[in-house]
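To start, the structure itself, in structure tokens.
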Amino acid sequence: MTQNPAYKDAWFTPFSRLMLLTILIQAAIVYTSCRLIWRVIRQSRSPLANLAGPPSPSWLFGNVPQLFNSNGWDFHYGILKSYGTAMTIQGALGERLFLTCDPKALHHILVKDQLIYEPFVSRGSVFFGKGLLSTLGEQHKRQRKMLNPVFSINHMREMIPLFYEVTNRLRSVLKKKLDKGSQEIDILHWSGRTALELIGQGGMGYSFDSLTDDHDYHPYRTAVKNFVPLITGPLFFFIGQFIFPLAEKFDFPRVKRFIAQLIPLQRSRNLMHVLDVMYQTSLDIIKEKKKALMSSDPAVVAEMASKKDIISILMRANMLASEEDRLTDEEVIGQVRTLVFAGMDTTSSALARILWLLAQHPEVQEKLRGEIREAQNNGQLSYDQLVSLPYLDAVCRETLRVYPPVNLAATRTVRKDTVLPFSKPVLDSAGKEVTEVFLRNGTNVIISVLGANTNPDIWGPDSYEWKPERWQSPLPESVPDAHMPGVYSHVMTFLGGGRACLGFKFSQLEMKVVLSVLLASFRFSDSKPVVWKMSNIATPAVEGGDGESRELPLLMSLVD
Ligand code: HEM
Ligand SMILES: *[C@@H]1O[C@H](CO)[C@@H](O)[C@H](O)[C@H]1NC(C)=O
């Protein structure tokens, strides 16, 4: 389509731009008001009103500012202690949300009735296109069917050399820094870059970062690093709830873009830039692979056939798949964008958390180093050795249990009136025991991963404490008896059911490779007091810092 430039210029005078913006805003206000009035009427009669829950500081915002506060730990531990495993939380404008970590309820939400509990995908689809995190129903099932085999143990095993290659580069650069003795190093900076390079190499056979000096990295790194802060916070929760479903309905990229460009906020411009970089990079990666797959040069084809990264395996399988199973190009690009997002900050947060804990617990660090070095006697650890080191496993499990990187799993919306049963009764607002709750079509449900992982009824009175040793003796009966529906280790860190984390084995393995390499060479100790921020993904910051920057300074020294 060609446009007459003169016509275009006239159309875009500042005045017409302002007019358009005003009309759009008015339309949005009318639409939103109608929706709001309808909601308020409905919510005032919600059956959830009988359930107990924290008092709400305001009708306008409810508990949302506390729920999604980056310093919300006390609020979260507090409500779990006061109201137990199922409660009502006040949302915006009188909405009643339902929050739970009851194992039976979670089983219904994530496994048994998973089709009734729809994840909140419009946000993901605006950000990552049609990848796993943003599709529903049959489309999601079809994508999962194609991707599940790609994450099999056999493929993970083959990824080990890629993981070592990246981690050895990390070790070299850190070693060079410590040439002249011990130093304070921002571990989050390096765990983030390493996690991106690992998902780059393991996920799509692409290098984002040579990991050689402090600044030499791909624009993607800066883009994704800025992404989570841009979309975090109560304000964003509201935008997500009201604007994105609208954006989904008008699924014309040009219209969306046009509306987005009209928004006069710097934050929205930044976000668009970030999304552009993310999209363009994914597109380049796929184009290149596709060219190799279709190439007439047998050498290029043979090289493509030997590639062990996730997207290459997927693209090869996709060529052979039947018409109805096959993913479109847009869907494959969607997977690249989704994998980088899902695999980077989560793993980098978990790695940073483990190193921080080891710095706080030098005796655990020494014991772990001992186990690793003894096993390493004859060089790099193989896949089987890595997964069978008991103390390394215990440290990873315990950290992911007490400190899950994702504390509140994405909301689910109930799509049909339904009754949700509990495994343990909770007290309602009148002090009476209730064993189930009636959820009306449209109710938003929030899963507390933190609550599920640290429930004292399941893990015992020391459930909140970080004790790797608990994994070295048989777990209490109450743990298996709870039937927590998580895919990993009786906890909900990677969720469960048909939308559980696909990368949990991948991330286990990369954490173990990185820890085994780093701990054999370096010692980590405390440097400055650090607080962990409860953003969508938990991240560390220096206590008393500027409130914005995320970092984890630790004192590092060479072991020998
Ligand atoms: C410690 C690291 C990680 C944690 C804690 C984590 C956690 C999660 C959680 C909680 C979900 C569910 C989100 C929801 O539906 O509400 C999820 C989904 C997902 N994760 Fe992970 N993840 C981690 C690492 C990874 C890695 C390394 C990859 C990729 C290699 C990955 C790929 C995915 C994908 C593809 C999904 C979407 C699955 C679907 O909707 O079908 N994750 N992850
Ligand atoms: C639930 O509500 C939506 C509209 O909010 C409606 O489209 C849908 O049909 C309802 N589901 C059932 C099972 O009634």
Side-chain angles (χ1 to χ4, degrees), residues 35 38-39 42 109-110 114-121 123-124 128 130-136 139-148 150-151 155-156 159 163 191 195-196 198-204 245 309-311 314 334-354 396-397 399-401 403-418 439-443 445-450 452-453 486-489 491-512 514 536-538:
R35 266 179 65 131
W38 185 78
R39 268 167 59 116
R42 236 173 98 87
I109 296 169
L110 297 170
Q114 54 180 296
L115 293 177
I116 301 178
Y117 295 87
E118 193 177 283
F120 194 67
V121 295
R123 184 166 82 172
F128 319 121
K130 292 291 170 199
L132 271 177
L133 277 171
S134 37
T135 49
L136 292 173
Q139 189 181 16
H140 179 264
K141 222 161 123 189
R142 197 166 50 81
Q143 294 189 354
R144 214 52 214 192
K145 188 174 160 196
M146 285 301 295
L147 273 140
N148 246 329
V150 179
F151 283 90
H155 285 142
M156 295 303 117
M159 240 164 246
F163 286 175
S191 73
L196 177 61
L198 284 166
I199 187 73
Q201 295 278 355
M204 44 228 80
D309 64 273
I310 290 169
I311 294 294
L314 174 69
Q335 309 309 339
V336 175
R337 298 206 273 168
T338 303
L339 285 183
V340 176
F341 171 70
M344 185 186 125
D345 283 333
T346 45
T347 308
S348 125
S349 163
L351 264 173
R353 180 74 86 158
I354 294 182
C396 291
R397 275 179 208 270
T399 308
L400 291 168
R401 183 186 72 84
Y403 301 110
V406 182
N407 284 280
L408 289 180
T411 22
R412 301 288 196 254
T413 306
V414 182
R415 285 300 172 208
K416 195 175 121 196
D417 290 355
T418 188
L439 298 176
R440 229 161 37 182
N441 182 4
T443 308
V445 176
I446 299 175
I447 297 168
S448 174
V449 174
L450 187 67
N453 290 4
V487 281
Y488 168 76
S489 194
V491 298
M492 295 309 294
T493 306
F494 297 98
L495 239 53
R499 301 190 77 104
C501 177
L502 204 51
F504 78 100
K505 292 193 197 100
F506 184 101
S507 92
Q508 289 296 295
L509 200 56
E510 68 175 279
M511 277 159 55
K512 288 182 174 180
V514 173
N536 295 9
I537 297 167

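In each ligand, atom 1 is the first atom listed, and ligand 1 is the first ligand listed.
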[X]: numbered ligand 1 atoms lying under 4.0 Å from its heavy atoms:
X      : result
Pro405 : 5 (C)
Thr493 : 5 (C), 7 (C), 10 (C)
Arg144 : 38 (C), 39 (C), 41 (O)
Leu133 : 37 (C)
Gly343 : 25 (C), 26 (C), 27 (C), 28 (C)
Phe151 : 30 (C)
Leu495 : 12 (C), 14 (C), 15 (O), 16 (O)
His140 : 39 (C), 40 (O), 41 (O)

> Looking at ligand 2, does any of its N/O atoms fall within less than 3.5 Å of an N/O of Lys416?
Replying inline: no
List the atom of [X], the atom of [Y], and the distance in Å for their closest heavy-atom pair.
X      : Y      : answer
Met156 : Phe151 : CE-CA, 3.5 Å
Thr413 : Gly442 : CG2-O, 3.7 Å
His140 : Gly498 : CE1-O, 3.3 Å
Met492 : Asn453 : N-OD1, 2.8 Å
Leu351 : Ser191 : CB-CB, 4.2 Å
Met511 : Cys396 : CE-SG, 4.2 Å

> Applying a 4.0 Å heavy-atom criterion (strictly less than), which segment of Phe504 is in contact with ligand 1: side chain, backbone, both, or neither?
Replying inline: neither
> For ligand 1, does Leu147 get within less than 4.0 Å through its side chain, its backbone, both, or neither, judged by non-hydrogen atoms?
Replying inline: neither
>> Which of the numbered atoms in ligand 2 are under 4.0 angstrom from any heavy atom belonging to Arg415?
In response: 1 (C), 11 (N), 12 (C), 13 (C)
>> Taking 4.0 angstrom as the limit and counting only heavy atoms of Asn441, give me the atoms of ligand 2 inside it, by number and element.
In response: 1 (C), 2 (O), 3 (C), 8 (C), 10 (C), 11 (N), 12 (C), 14 (O)
If we only count heavy atoms from C-beta on, is the [X] to [Y] side-chain gap below 4.5 Å?
X      : Y      : value
Leu495 : Val449 : yes
Asn441 : Lys416 : no
Phe506 : Ile199 : yes

Determine, counting only non-hydrogen atoms of the protein, whether one lies under 4.0 angstrom from [atom].
atom                    : result
atom 11 (N) of ligand 2 : yes
atom 7 (O) of ligand 2  : no
atom 3 (C) of ligand 2  : yes

Measuring from non-hydrogen atoms of [X] to any atom of ligand 1, is the shortest distance under 4.0 Å?
X      : result
Pro119 : no
Arg412 : yes
Ala500 : yes

> Which of parallel (below 30°), tilted (30 to 60°) and perpendicular (above 60°) describes Phe494 and Tyr488?
Replying inline: perpendicular
> Just one of Ile310, Val340, Leu314 clears the side-chain contact (heavy atoms from CB on, under 4.5 Å) bar with Met204, so which one?
Replying inline: Val340
>> Once rounded to the nearest 0.5 Å, what's the spacing between atom CD of Gln335 and atom CD of Gln143?
In response: 4.5 Å
